[in-house]
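Both ligands and their constituent atoms are indexed starting at 1 by order of listing. Since we're looking at a predicted model, the values are computed, not measured. Note that these values count all heavy atoms, side chains included, but never hydrogens, waters or copies made by symmetry.
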Amino acid sequence: MNTKIDKLLDKIKETAFSIKKDINLMEVCGTHTQAVARHGLKRLMPKNVHLTTGPGCPVCVTAQEDIDAIISLALAGIPVATYGDMLRVPGFFGSLDEARSKGAKVFDVYSTEDALALQKNYPDLVFFGLGFETTTPMTAYAIKKGLMVYSTHKLFLPAMSALLEMGELKIDGFLSPGHVSAVIGVEPYKEMKVSQVIAGFTAEDVLAAIYMLLKQIKDGRREVENEYLRAVKEKGNPAARKEIFDVFGIEDGNWRGFGIIPKSGLEIKKKYKDQDAKIKYKKIIENSKIQKLKDLRMKDMCRCGEIIRGLKNPKDCPMFKKACTPEKPFGPCMVSMEGACNVEYRYEK
Ligand code: SF4
């Protein structure tokens, strides 16, 4: 018996009972999504506490237009490298994996260092950069070292603000992302008038953060607290932020499930424009059928966009576990190990 866990669960039950209304808490980090599922935390919550998944999976929130664009580059003969999960995300004319089976030079890498190593053999290599403040410093470093990049990097906080502004789901509190916060620190969250707790990734971390959120809600406080003190400092990691903003400028960002979120995208600065694949291969991207046609099939049937915004659960999708499985994913939420559909598929039992 884990007495710390039991004590936290008792405190959660006691506090939730005293609140006497339904409480929606959203986790906005893919690793939290996994932790909640792996430890079966949803089932341990009192009846009035609902845990919802938000837009924390970088693969899932990458816009279909960007996926189609990188596939168009691969099909045009340009070598492409990216992180493994992204290879299987379906685009209009198949995935990067399928492009590889047709002869395109597509490589999965674990890091931008791997991509830089590949570039020695493939000088035209394009790295498909994705993710939030956590992965962007590595891409920025690699650009400084000469890597050509198609950037879909994003800032995370604008998506949280967008969720609040859209108001589709009443969010009483955010379980805020530990990894992103290690870079950005605590300060930036203070602009959002909602209860927030930055959390680590063990079951104990997540439960402690849920308890802290419930206490805030009970007391009527809308603050940001830091449960993940061992990794997240008040001012974050200034060196990592400098690396990001040396290379990237803030622009509007295109998110699956949201569309354009103002000032949420990270685009390569003019200083490095020769390494910006969106500029170098503009014609291919614009002229490709993939880019023109967009992905009507995904738009019509996959519910990933609503799942990312916390409006639907994977089981609400008629294709879940039928037409769509981790072996044969139909949408990005089933591809990534951090995607809500993939996590639900693996841990539902
Ligand atoms: Fe999309 Fe598949 Fe999830 Fe349905 S089960 S929402 S098709 S990823």
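Tyr189 and Ser181 form a side-chain donor-acceptor contact under 3.5 Å, judged by distance and modelled atom types alone.
Shown here is Glu234, whose CD atom has more than 12 heavy atoms of other residues, nucleotides or ligands within 6.0 Å.
Classification of the Phe132-Trp255 ring pair by plane angle, with boundaries at 30° and 60°, yields parallel.
Scored by the ring pair (Phe, Tyr, Trp, His ring centres under 6.0 Å) test, Phe128 finds Tyr150 as partners (sequence neighbours excluded). Residues that satisfy the ring pair (Phe, Tyr, Trp, His ring centres under 6.0 Å) test with Phe245, not counting sequence neighbours, are absent from this structure.
Taking backbone and side-chain atoms together, Cys302 has an N/O/S atom less than 2.8 Å away from atom 1 (Fe) of ligand 1. Put simply, Cys324 gets within reach of atom 2 (Fe) of ligand 1, with an N, O or S atom under 2.8 Å from it.
Close approach to Ile307 involves these atoms of ligand 1, each under 4.0 Å from a residue heavy atom: 6 (S). Atoms of ligand 1 lying under 4.0 Å from at least one heavy atom of Arg303, given by number and element, are 1 (Fe), 6 (S). Near Gly331, meaning under 4.0 Å from one of its heavy atoms, ligand 1 places the atoms 8 (S). Here is the list of ligand 1 atoms found below 4.0 Å of a heavy atom in Met334: 8 (S). Residue Cys341 has at least one heavy-atom neighbour below 4.0 Å for each of these atoms of ligand 1: 3 (Fe), 5 (S), 6 (S), 8 (S). Distances below 4.0 Å separate heavy atoms of Cys317 from the following atoms of ligand 1: 4 (Fe), 5 (S), 6 (S), 7 (S). The distance from ligand 1 to the heavy atoms of Met319 drops below 4.0 Å at these ligand atoms: 7 (S). The ligand atoms of ligand 1 that sit less than 4.0 angstrom from a heavy atom of Cys304 are 6 (S).
Residues Arg100 and Asp108 are paired through a salt bridge, judged by an N-O separation under 4.0 Å between the basic side chain and the carboxylate. Of the charged side-chain nitrogens involved, at least one lies within less than 4.0 Å of a carboxylate oxygen, so that Glu243 and Lys144 count as a salt-bridged pair.
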